[in-house]
Amino acid sequence: MPRNVQPLVPLLTVANVAELENVSEKTIRRRVISGDIPVIRSGRNIRIDRADYEAWRRSRRVFADS
């Protein structure tokens, strides 16, 4: 592989994220519309970069007080 070529970034669909979060696709679409989840749009297609998804997931963690 040439040095300047990056490997393809794994992209998730709304359905993939909904399954990972155990919520409906509609819930994920609402979060996308509100700007909570960063997305990549290509026409009508919505894809979510796995790194962005992981960062979003980490940012909404709630820690219990000890």
S.K.: Tell me whether Val14 shares a hydrophobic cluster with Leu11, the cluster being built from Ile, Leu, Val, Met, Phe, Trp, Tyr side chains joined at under 4.5 Å.
M.R.: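 Result: no, two separate clusters.
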S.K.: Test of understanding: with side chain to side chain contact (heavy atoms under 4.5 Å, CB included), list the residues that count as partners of Ala55, not counting sequence neighbours.
M.R.: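 Partners of Ala55 under the side chain to side chain contact (heavy atoms under 4.5 Å, CB included) test: Arg58.
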S.K.: Could you give the side-chain donor-acceptor pairs of residues 35-43 under 3.5 Å, partners two or more places apart or in another chain?
M.R.:
unit_1	atom_1	unit_2	atom_2	d
Asp36	OD2	Ser34	OG	3.3

S.K.: Only pairs at least two apart or in different chains count here, so list each salt bridge (charged side-chain N to carboxylate O under 4.0 Å, His left out) that has a residue in residues 13-23.
M.R.: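 For residues 13-23: Glu21-Arg57, Glu21-Arg60.
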S.K.: Rounded to the nearest 0.5 Å, how far apart are CD1 of Ile46 and CG of Leu12?
M.R.: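 Answer for the CD1-CG pair, Ile46 versus Leu12, is 13.0 Å.
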S.K.: If the condition is side-chain hydrogen bond (donor to acceptor under 3.5 Å, both in side chains), which residues does Asp52 pass it with, not counting sequence neighbours?
M.R.: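 Testing Asp52 for side-chain hydrogen bond (donor to acceptor under 3.5 Å, both in side chains), a comparison that skips the adjacent residues, returns none.
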S.K.: According to side chain to side chain contact (heavy atoms under 4.5 Å, CB included), who are the partners of Thr27, at least two apart in sequence or on a separate chain?
M.R.: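 For Thr27 the side chain to side chain contact (heavy atoms under 4.5 Å, CB included) partners, ignoring immediate neighbours, are Val23, Ser24, Arg30, Arg31.
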S.K.: Check Ala15 against Glu25 and note the closest heavy-atom contact, atom names and distance.
M.R.: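 In this case the closest contact between Ala15 and Glu25 is CB-OE2, 3.5 Å.
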S.K.: Would you mind reporting whether Tyr53 and Leu20 have side-chain heavy atoms less than 4.5 Å apart?
M.R.: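 Yes - at least one pair of side-chain heavy atoms lies under 4.5 Å apart.
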S.K.: Remaining members of Ile33's ILVMFWY cluster at a side-chain heavy-atom cut-off under 4.5 Å?
M.R.: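 Reading the cluster by chain and number, Ile33 sits alone, since nothing else belongs.
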